[in-house]
Amino acid sequence: MAAAAEQEQQQFYLLLGNLLSPDNAVRKQAEETYENIPGQSKITFLLQAIRNTAAAEEARQMAAVLLRRLLSSAFEEVYPALPPDVQIAIKSELLLIIQMETQSGMRKKICDIVAELARNLIDEDGNNQWPEGLKFLFDSVKCGMQPVMQLDKWLLTLHLASKRNFMKRQVIAALLQTMEDQGNQRVQAHAAAALINFTEDCPKSLLIPYLDNLVKHLHSTMVIKLQELIQKGTKLVLEQVVTSIASVADTAEEKFVPYYDLFMPSLKHIVENAVQKELRLLRGKTIECISLIGLAVGKEKFMQDASDVMQLLLKTQTDFSDLEDDDPQISYMISAWARMCKILGKEFQQYLPVVMGPLMKTASIKPEVALLDTQDMENMSDDDGWEFVNLGDQQSFGIKTAGLEEKATACQMLVCYAKELKEGFVEYTEQVVKLMVPLLKFYFHDDILSMNLNIVRGPEYLTQMWHFMCDALIKAIGTEPDSDVLSEIMHSFAKCIEVMGDGCLNNEHFEELGGILKGKLEEHFKNQELRQVKRQDEDYDEQVEESLQDEDDSDVYILTKVSDILHSIFSSYREKVLPWFEQLLPLIVNLICPHRPWPDRQWGLCIFDDIVEHCSPSSFKYAEYFLRPMLQSVCDNSPEVRQAAAYGVGVMAQFGGDSYRPFCTEALPLLVRVIQSPDAKTKENVNATENCISAVGKIMKFKPDCVNVEEVLPHWLSWLPLHEDKEEAVHTFNYLCDLIESNNTVVLGPNNSNLPRIFGIIADGEIHEAIKHEDPCTKRLANVVRQVQTSGGLWTECISQLNADQQAAIQELLNSA
């Protein structure tokens, strides 16, 4: 019997080897064999392989991955069916293997299995069905057992999966107790690290009930560790505690205000006095902590210390020339300055001359690059901080990534300053743009590119600066391989065109851009076809579908950016650009065909909406391509498509000219059908419905002879107010003001009997912040209210029919306008 079991286990090792085979046929056969093994046997074989330290490392790691996947995807089918004694044995075995495992990579994978099992063993009421697991975790933390670092993740899983407060309380209590264990510095540091992970991922609402207890423990630990630093020079735990405080403040935000005075004096003391070289990391983390607390509690509370903190930062900054290039304080300082900028706003401008030098120096870091053959590449380990891209012909391009994180951070800070200070940043614009534009060709750290493109968005740029950027942006749109970065470049390019306006692109730009956008659209259709082919493949399964969905989402996102660019061009150039657009017309028409997926139809319609809005009356020459699909899409199953179509009808009425009149008449009953459907106001439908209501208003306002306004108005009034789509809400409120100011009897009713209802509409709009107070429409609405206020009886009647919230909203409106 034992011999047979041993033979089966050996065959399973062969199977694991075949699952890793580079030969497709071998691997496929192995996958089929593996799938046919019963669940319980799989668990037995996988556990045995994980336990067997004599087995090949790759086979053990593969077994660990497979066991985690099994527990993740098929827990309900496999685990509950096991006899109770087998379940107990599996749990004990896993905890034993963690303690015995010597390879850190393997131990991490086993901890992942344990975390997955623990997650599944918490029931819907939050009851933990594996108390021994939780006890093991806390005992591990307390006794400083090596796997504690990997167990942070398990602890987090237990915390996030739990719905019961007692378990969160247990987790926090165990960590705090361990942090206060003065006998073991390393264990204290691990417990603090686990607490950092815990609070970073913990939603604010879940953290608040434990905040008081948490803060008191952190404070008492900080005081003890500060004394230890002064007396013995030990700093490891204090570094982690300072980061824990920062993490708690970052999550708690304004709820941290009562504890501010408890921590700030000690933190300032550390920054002032921790000047020795060995305390650089502690000082950097403390600077980070102070700035995060400042951001959490807000300007009003922080201002009492802002001046002191700025002086401390300035002193460090002026000593920057003495800091070594790898000084950990530099990156903490750069981030802290940006947070201080967010806290102080315009008052930060005076400090720019001090902070910009080191920031530009870090943002200008040039990475080491090398062209290597395969042999040389293998001799350079990953630990040297190199990354490689295979160029074929046994050659690889390598880049040393050390310093790139700092470069990315510095670039993010430049973005922050430009956004926060706006015109206050203008004198640095030219040098920043000249630094950024070459980075459009920089592939190796996406954030460097993505974040810095935001710089290009300011309104203060001279034409020559735009010419310097424009060619590089267009080329980058054509060549950037990463879709996340590409979407950032396209978004920035669209914003630039909106800022620069008519005349910012020359014929060469248009020619190059036309070819690129045509290529993007053709690629979009081709990728969709390829995905359909993959869905017919015999390897197709849920995992493949998930990956295809991700690809599709990414493709659609690029399509939205094509739409953004066209929007900015149409709004800047208007009908002059239509001859150039015609090369793209067949592709856009293809997007709105009925058989295409809804995102294609949505964005195709959005592009035609822009043509109607910005290029009318010339837009009508394309009516044969888009009018019929647009009207049919008003009642589409997809709310996104309905919204795009309804918006199109609205701009037809507003901007389209006489040729569109009959189509406005035809659209009205379709719009009404959508508005009156039973689920019109559900969360997923409300935006489409509000666009329909707005479109009806625009037809009545701009094409009144196309419909019976007197008949439609009472219905339209009953659909108000809009509050989800703020842009359309302004249109409807402005039209409502037009009607009231012209004493429209249908709207006001006999003897102004509709005014209480109108007050209700205005109050609800104010409650939902449908219109910003600075919008001129707010003043018009307030004037309507004031006019009624002068006629005593009518005012009392209107106000008496409002609830308390509505009455308060009317008062707020009068105060603001």
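As the structure is a computational prediction, the values presented were derived from the model and not from experiment. Atoms considered below: every heavy atom in the structure, side chains included; atoms not considered: hydrogens, waters and symmetry mates. All residue numbers in this chain count up from 1 along the given sequence.
At a threshold of 4.0 Å, the pair Arg60-Glu101 counts as salt-bridged, since one of the basic side-chain nitrogens sits closer than that to a carboxylate oxygen. Between Asp23 and Arg27 there is no salt bridge, since none of the side-chain N atoms of the basic residue sits less than 4.0 Å from a carboxylate O of the acidic one. In this structure, Asp539 pairs ionically with Lys28, as a charged nitrogen and a carboxylate oxygen lie closer than 4.0 Å.
The main-chain N or O of Gln240 is found under 3.5 Å from a side-chain atom of Ser244 such that the two form a donor-acceptor pair. The backbone N or O of Leu559 lies less than 3.5 Å from no partner atom in the side chain of Ser563, so there is not a single donor-acceptor pair. Between the Ser554 side chain and the Asp550 main chain, no donor and acceptor come within less than 3.5 Å of each other. Looking only at distances, a side-chain donor or acceptor of Ser638 sits under 3.5 Å from a matching main-chain atom of Val641. At least one donor-acceptor pair under 3.5 Å links the side chain of Ser73 to the backbone N or O of Arg69. In this structure a side-chain-to-backbone donor-acceptor pair under 3.5 Å is present from Gln9 to Phe45. Distance alone, capped at 3.5 Å, is enough to place a donor-acceptor pair between the Thr33 side chain and the Gln29 backbone. Here the side chain of Gln99 pairs a donor or acceptor atom with the backbone of Leu95 at under 3.5 angstrom.
The nearest pair of heavy atoms linking Asn685 to Asp679 is ND2-O, 3.0 Å. Minimum interatomic distance between Ile245 and Met222 (heavy atoms only, all atoms of both residues): CD1-SD, 3.6 Å. Summarising the geometry of Val78 relative to Gln40, their closest heavy-atom pair is CG1-N, 4.4 Å, with the distance given to 0.1 Å. The two residues Lys520 and Leu486 have their closest heavy-atom pair at NZ-CD2, 3.7 Å. Between Gln602 and Ala644, the shortest heavy-atom contact is O-CB, 3.7 Å. Between Lys255 and Leu211, the shortest heavy-atom contact is O-CD2, 3.6 Å.
For the residue pair Arg642 / Asn687, no side-chain donor-acceptor distance below 3.5 Å is found, with atom types taken as modelled. Looking at Asn120 and Glu116, their side chains do bring a donor and an acceptor atom within 3.5 Å of each other. Gln528 and Arg531 share no side-chain donor-acceptor pair at under 3.5 Å. At a cut-off of 3.5 Å, with distance as the only test, a side-chain donor of Glu6 or Gln10 sits close to an acceptor on the other residue. Between Glu31 and Asn18, the side chains place no donor N or O within less than 3.5 Å of an acceptor N or O (distance only, hydrogens not considered). Between the side chains of Asn52 and Tyr13, at least one donor N or O sits under 3.5 Å from an acceptor N or O.
The closest side-chain heavy-atom distance from Lys534 to Glu551 is below 4.5 Å. With contacts defined as side-chain heavy-atom distances shorter than 4.5 Å, the pair Gln11/Leu15 does not qualify.
In this structure, Lys42 is positioned above the aromatic face of Tyr34, its NZ or CZ under 6.0 Å from the six-membered ring centre and within 45° of the axis.
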